[in-house]
Protein chains: 2
Amino acid sequence: MGVGTGTIVGPSFSPLYAQIKGLLIASLQAGEWKAGEAIPSELDLAARFGVSQGTVRKAIDEMAADNLLVRRQGKGTFVATHAEQKVQYRFLRLMPDEGSGSLERQLLDCRRLRAPASVARQLQMRAGDQMVEVRRLLKAEGKPVVLDDICLPGDLFKGLTTERLNQYRGPFYGLFEAEFGVHMIRAQEKIRALPADAEAARLLQVPVGTPLLSVERLSFTYGDKPVELRRGLYHTASHFYRNELN
Amino acid sequence: MGVGTGTIVGPSFSPLYAQIKGLLIASLQAGEWKAGEAIPSELDLAARFGVSQGTVRKAIDEMAADNLLVRRQGKGTFVATHAEQKVQYRFLRLMPDEGSGSLERQLLDCRRLRAPASVARQLQMRAGDQMVEVRRLLKAEGKPVVLDDICLPGDLFKGLTTERLNQYRGPFYGLFEAEFGVHMIRAQEKIRALPADAEAARLLQVPVGTPLLSVERLSFTYGDKPVELRRGLYHTASHFYRNELN
DNA sequence: AAGTGGTCTAGACCACTCT
DNA sequence: GAGTGGTCTAGACCACTTG
């Protein structure tokens, strides 16, 4: 196996289960198991890595806590996916004041362009590299609620077109997994209150100057690689952003 | 011990470690160990409950993940507290665009009144029961950034006065633990964008109508009992609300 | 019945803190 | 050196799913 207790000078200690976790993440990253598929059983993995079941278990436990894997008793352990009913819209915190609140999608725009410096920096690209920009509305009962502006690295999303986006049922992140092999596993958001400018006011059908929630999201895939920069404007008259603090 | 595998009709199964966890939470709630104190060692608890160390371990692991306890290798396991440097402002997600961003507190008001119906309902009190209302500003480099309006049940916070609040160093939640034995362990927030009304505009020193982040927080103590309703108005010109999605 | 994840145990040893 | 939490093992048995 080649485990050891860490490097001579290094961060002093890396337990076996953490190393197993690293190997499993590398396999996910390499696409050895695809989104929604089962990974090998704990006993199989224990045999493969030459450790006990308990050690594999602890590695998988952490990955399940990180939402990288999903355990299902009696069935197996599966690669987490955004394309299933249960966790759909995992990253969307918008809730309606009343009602269930299913949202319709309306695509506004999808085009390729050169990344401006500010976007390139956050996505760790070079300024001028190709990127894809998608703009869309989310509507609740016909009324626009969210205006999204999504920036993606061009090299990872080569075949992305308006048609592909319109064909696909379910959230974008499901499409990104299935068609481009890009899994969003983590994101950070910066939230502010801003007045609607002319364009946002027109698209969201509110007066210019209406306070909107500005949600700037940077999403990461395996290895903390940033792969999406998204700016949402939320009209919070009959919806709110829900957050749980622990 | 009286463990068993659950009731005849009930939710079909309750593992030992979950029962241990329940007993430990009950002890916390009863005040057997106070905020910041050490609880007994894993071996002591295993002996007390008549189970193996591993079972106690799993119970404590979950409670540490829930931020109820803090493990410190070589020292022991401690009751989590809001009154220590490391996790200070655990529930405050406001970040400055640049700089470190230490905040000064300015108390505006602290008075007792009868709870209006809307507040009473959320705090599970009866309308007309006594409550305490605290209002305060948070300032960064002299400029007001947050206007908080805090509602607390009167019966739990009997001796709470302007003086006590002003004397105490550190976050309110530290005071609440030390003086009133009330631990906030979880909260949910509803966030909207709203225009500043006349009073908010005056206190936050912004023009009337300026978009503000409205953060409505309901905080819970052990047993999912709501014990604080807080409404914050955040001026997000040079600060933002930070959120991590997993 | 076979295979999966889930629980529980008992014991060994390691890493860290304090005295 | 003694006491604490942290890791790892091996094995038994339970709960759940599928054939």
Side-chain angles (χ1 to χ4, degrees), chain A residues 1-24 33 36-65 67-80 86, chain B residues 1-24 33 36-65 67-80 86:
Chain A
M1 259 302 296
V3 247
T5 71
T7 56
I8 298 177
V9 183
S12 78
F13 184 61
S14 176
L16 246 186
Y17 73 85
Q19 301 177 44
I20 304 291
K21 183 179 173 182
L23 293 172
L24 290 174
W33 315 293
E37 285 181 6
I39 70 171
S41 76
E42 294 178 350
L43 284 171
D44 285 355
L45 289 170
R48 174 197 296 198
F49 295 127
V51 301
S52 75
Q53 185 190 6
T55 299
V56 169
R57 232 187 126 59
K58 177 139 188 171
I60 292 180
D61 276 345
E62 284 200 355
M63 293 173 72
N67 289 310
L68 298 181
L69 298 175
V70 176
R71 321 193 73 138
R72 295 203 201 114
Q73 185 173 100
K75 300 178 72 172
T77 301
F78 300 79
V79 181
K86 270 215 67 170
Chain B
M1 259 298 298
V3 242
T5 72
T7 56
I8 298 177
V9 185
S12 78
F13 184 60
S14 176
L16 246 185
Y17 73 84
Q19 300 177 45
I20 305 291
K21 183 179 174 183
L23 293 171
L24 290 174
W33 313 295
E37 286 181 6
I39 70 171
S41 76
E42 294 179 350
L43 283 171
D44 286 353
L45 289 171
R48 175 198 295 199
F49 296 127
V51 301
S52 76
Q53 185 190 5
T55 300
V56 169
R57 233 186 126 60
K58 177 139 187 171
I60 293 180
D61 276 345
E62 285 201 356
M63 293 173 71
N67 289 309
L68 298 180
L69 298 175
V70 177
R71 320 192 74 139
R72 295 203 200 112
Q73 185 174 104
K75 300 177 76 171
T77 302
F78 300 80
V79 181
K86 269 215 68 169

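So that the names make sense, note that chain A is the first sequence line, chain B the second, and so on, each numbered from 1.
Atom P of nucleotide dG3(D) and atom CG of L45(B) are separated by 17 Å, given to the nearest angstrom. One interatomic measurement links the two molecules: CZ of R72(B) to C1' of dG3(D), which rounds to 16 Å at whole-angstrom precision. Atoms CD (Q73(A)) and C1' (dG3(C)) sit 12 Å apart, rounded to a whole Å. The distance from atom CE of M63(A) to atom C1' of dG5(C) is 16 Å, rounded to the nearest whole Å. Here the C1' atom of nucleotide dT4(C) and the CG atom of L69(A) are 15 Å apart, to the nearest Å. Rounded to an integer number of Å, the gap from F78(A) CZ to dT18(D) C1' is 12 Å. In this structure, D44(A) atom CG and dA2(C) atom C1' are separated by 14 Å, rounded to whole Å.
Relative to the side chain of E42(A), the nucleotides dT7(D), dG5(C), dG5(D) differ in distance, and dG5(C) lies closest.
At dG6(C), one or more side-chain N or O atoms of R71(A) fall inside 4.0 Å of OP1 or OP2 (strictly under the cut-off). In terms of phosphate contacts, K75(B) brings no side-chain nitrogen or oxygen within less than 4.0 Å of OP1 or OP2 of dC16(C). For K58(A) and dT7(D), the shortest distance from a side-chain N or O to OP1 or OP2 is below 4.0 Å. Close to dG6(D), at under 4.0 Å from its OP1 or OP2, lies a side-chain N or O of R57(B).
Between I60(A) and L45(A), some side-chain heavy-atom pair lies under the 4.5 Å cut-off. A heavy-atom distance below 4.5 Å is found between the side chains of R71(A) and D61(A).
Put simply, CG on L43(A) and CZ on R48(A) are 13.5 Å apart, with the number rounded to the nearest 0.5 Å. Note that the CD1 atom of I39(A) and the OG1 atom of T77(A) stand 5.0 Å from one another [nearest 0.5 Å]. Residue L68(A) holds its CG atom at 16.0 Å from CZ of F78(A), rounded to the nearest 0.5 Å.
Listed by chain and number, the residues in a side chain to side chain donor-acceptor pair (under 3.5 Å) with N67(B) amount to none (sequence neighbours excluded).
Side-chain atoms of E42(A) never come within 3.5 Å of backbone atoms of V56(A) as a donor-acceptor pair (strictly under, hydrogens ignored).
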Protein-nucleic acid N or O pairs under 3.5 Å, nucleotides 8-10 of chain C:
from   : atom 1 : to     : atom 2 : distance (Å)
dC8(C) : OP1    : L16(B) : N      : 2.3
dC8(C) : OP2    : L16(B) : N      : 3.3
dC8(C) : OP2    : Y17(B) : N      : 3.1
dT9(C) : OP2    : S52(B) : N      : 2.9
dT9(C) : OP2    : S52(B) : OG     : 2.7
dT9(C) : OP2    : T55(B) : OG1    : 2.3

